[in-house]
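Contents: one structure, followed by commentary.
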Amino acid sequence: MRIARFSIDGNVAFGAVEGEGPAESAASGGLVLDIIKGIPYTDFELSGTKVPLSKVRLLPPVLPNKVVAIGRNYAEHAAELGNEVPDVPVAFFKPTTSVIGSGDAIEYPSFSNELHHEAELAVVIGRMCREVPRERVKDVIFGYTCANDVTARDAQQREKQWARAKGFDTSCPLGPWVETDLDPSDLTIQATVNGEQRQLGRTSDMIRSIEDLVVHITEAMTLLPGDVILTGTPAGVGPLNVGDEVAVTIEGIGTLTNKVIKRG
């Protein structure tokens with residue numbers, strides 16, 4: 001099931017996406033939302049009240065308490081930036097204020113001259129969890145969505161911590177919705193800029209699996225419903241400029257699209 005978060009007439013709600021096609025096809029009337037009663041992390045009911053996707057504004061599919069991101073989880077990406085594959089997962093945070101939805105603008109930060117896209121599979125947590133054993137990882141996952149770990153590469157290289165380089169406002173596009181019924185082990189993941197393919201990889205190329213990452217992260221911290229784990233990016237990261245449109249597409253989920261604008 002595809003679960004979207006949206007606003008309509010000043011109200012925010014979740015809905016189950018019905019119909020076939022990407023979010024961009026909504027204008028044709030092919031996709032509708034069946035509004036969910038309450039929030040979708042526990043057992044929920046569909047209201048039967050349906051609204052065309054073309055009539056709503058898609059929001060980030062979740063508002064996470066925290067985004068835990070993993071760096072250098074694809075060997076070719078580590079190599080393209082001149083880095084070794086780490087002995088343990090490299091984890092960092094992206095704040096809630098970095099999260100935007102599909103169709104929202106990425107604001108080019110004033111402290112950077114080298115902005116990069118990073119297409120990633122995002123894991124959405126469905127229940128509070130801590131010290132999750134490997135055999136129970138699937139039980140704590142709500143679903144999966146597309147992510148773009150937008151990075152100020154020059155700031156990342158000159159600053160010892162990645163907080164500003166990867167945590168600036170609008171640096172974490174998520175969407176367009178969460179797919180709850182998906183095997184994430186071998187999916188095509190790609191990024192295009194202005195229609196030109198930049199990244200193309202498969203989630204099976206991850207150095208550490210989703211199970212590895214959930215176990216590793218929850219050894220240290222409690223994850224809450226709606227929290228997000230970014231699982232790393234394949235090779236092919238590259239520059240974004242003001243006016244560019246960047247799209248992240250993941251097999252079985254859909255396409256996350258954002259334009260880059262000048263901040264201010």
Side-chain angles (χ1 to χ4, degrees), residues 1-9 11-64 67 99-104 119-127 137-149 172-192 202-203 210 214 223-231 245-258:
M1 180 179 288
R2 294 174 292 176
I3 305 294
R5 181 171 164 269
F6 64 94
S7 65
I8 183 170
D9 298 330
N11 299 308
V12 175
F14 290 92
V17 182
E18 298 180 351
E20 297 299 326
E24 290 79 0
S25 71
S28 68
L31 298 178
V32 297
L33 291 162
D34 192 336
I35 297 175
I36 289 171
K37 296 180 180 180
I39 59 175
Y41 303 120
T42 58
D43 292 337
F44 63 86
E45 294 182 15
L46 298 176
S47 67
T49 300
K50 300 185 180 184
V51 58
L53 191 61
S54 59
K55 301 297 184 182
V56 310
R57 178 191 171 207
L58 282 178
L59 301 174
V62 291
L63 270 186
V67 177
V99 174
I100 59 174
S102 190
D104 293 336
E120 309 207 7
L121 174 69
V123 179
V124 180
I125 298 300
R127 63 178 65 180
V137 166
K138 290 182 180 179
D139 296 338
V140 306
I141 293 175
F142 175 62
Y144 305 89
T145 192
C146 305
N148 192 345
D149 177 20
C172 189
L174 297 174
W177 41 60
V178 176
E179 174 57 68
T180 63
D181 184 16
L182 186 70
D183 178 355
S185 60
D186 187 26
L187 304 174
T188 300
I189 177 171
Q190 64 177 319
T192 63
R202 301 196 69 84
T203 56
I210 290 170
V214 172
L223 296 177
L224 302 175
D227 280 352
V228 170
I229 298 172
L230 304 189
T231 58
E245 181 176 83
V246 55
V248 175
T249 300
I250 300 179
E251 180 184 358
I253 300 176
T255 299
L256 165 70
T257 304
N258 304 90

Counterpart residues, side-chain hydrogen bond (donor to acceptor under 3.5 Å, both in side chains), relative to Thr249 (two or more places apart): Thr255

For Thr231 and Ala122, indicate whether the former's side chain and the latter's backbone hold a donor-acceptor pair under 3.5 Å. no

Closest heavy-atom pair and its distance - Cys172, Leu230: SG-CD1, 4.3 Å

Can you tell me which residue among Val62, Leu223, Val228 is in a side chain to side chain contact (heavy atoms under 4.5 Å, CB included) with Ile125? Leu223

Can you tell me how far the CD1 atom of Ile210 sits from the OG atom of Ser185, to the nearest 0.5 Å? 8.0 Å

With heavy-atom distances below 4.5 Å as the criterion, would you say the side chains of Pro184 and Thr203 are in contact? no

How far does CZ of Phe14 sit from CG of Asp34, to the nearest 0.5 angstrom? 15.0 Å

Could you tabulate the donor-acceptor pairs under 3.5 Å formed by side-chain atoms of residues 44-53, not counting sequence neighbours?
unit_1	atom_1	unit_2	atom_2	d
Ser47	OG	Ile35	O	2.8
Ser47	OG	Thr49	N	3.0
Lys50	NZ	Glu18	OE1	3.0

Using only atom types and a distance under 3.5 Å, with no angle test, would you say the side chain of Thr145 pairs donor to acceptor with the backbone of Leu174? no

Within the side chain of Thr180, is there an N or O that forms a donor-acceptor pair under 3.5 Å with the backbone of Met1? yes

Nearest heavy-atom pair of Arg5 and Pro61: which atoms, and what distance? CB-O, 3.6 Å

Trp177 side chain to Ile253 main-chain N or O, any donor-acceptor pair under 3.5 Å? yes

With a 4.5 Å heavy-atom cut-off, do Val178 and Tyr144 have their side chains touching? no

For Asp149, all residues meeting side-chain hydrogen bond (donor to acceptor under 3.5 Å, both in side chains), sequence neighbours excluded: Lys94, Lys166

Under the ring pair (Phe, Tyr, Trp, His ring centres under 6.0 Å) test, which residues partner Phe142, sequence neighbours left out? Tyr41

Once rounded to the nearest 0.5 Å, what's the spacing between atom CD1 of Ile141 and atom CZ of Arg127? 11.0 Å

What is the minimum heavy-atom distance between Ile100 and Pro60, and which atoms define it? C-CG, 3.4 Å

Shortest non-hydrogen separation from Ala4 to Val17 and the atoms involved: CB-CG2, 3.9 Å

Do you know which two heavy atoms are closest between Val248 and Glu120, and how far apart they sit? CG1-N, 4.3 Å

Shortest non-hydrogen contact from Asn258 toward Pro173: OD1-CB, 3.3 Å

Keeping the roles fixed (side chain from Arg2, backbone from Gly254), state whether a donor-acceptor pair exists under 3.5 Å. no

Between Asp104 and Arg57, is the closest basic N to carboxylate O distance under 4.0 Å? yes

CG on Leu58 to OG on Ser7, rounded to 0.5 Å: 8.5 Å

With sequence neighbours excluded, tell me which residues meet salt bridge (charged side-chain N to carboxylate O under 4.0 Å, His left out) with Arg202. Asp186, Glu251

Exam field: side chain Thr257 to backbone Ser102, donor-acceptor pair closer than 3.5 Å: no

Apply salt bridge (charged side-chain N to carboxylate O under 4.0 Å, His left out) to Asp139 and list each qualifying residue two or more places apart in sequence or on a separate chain. Arg136

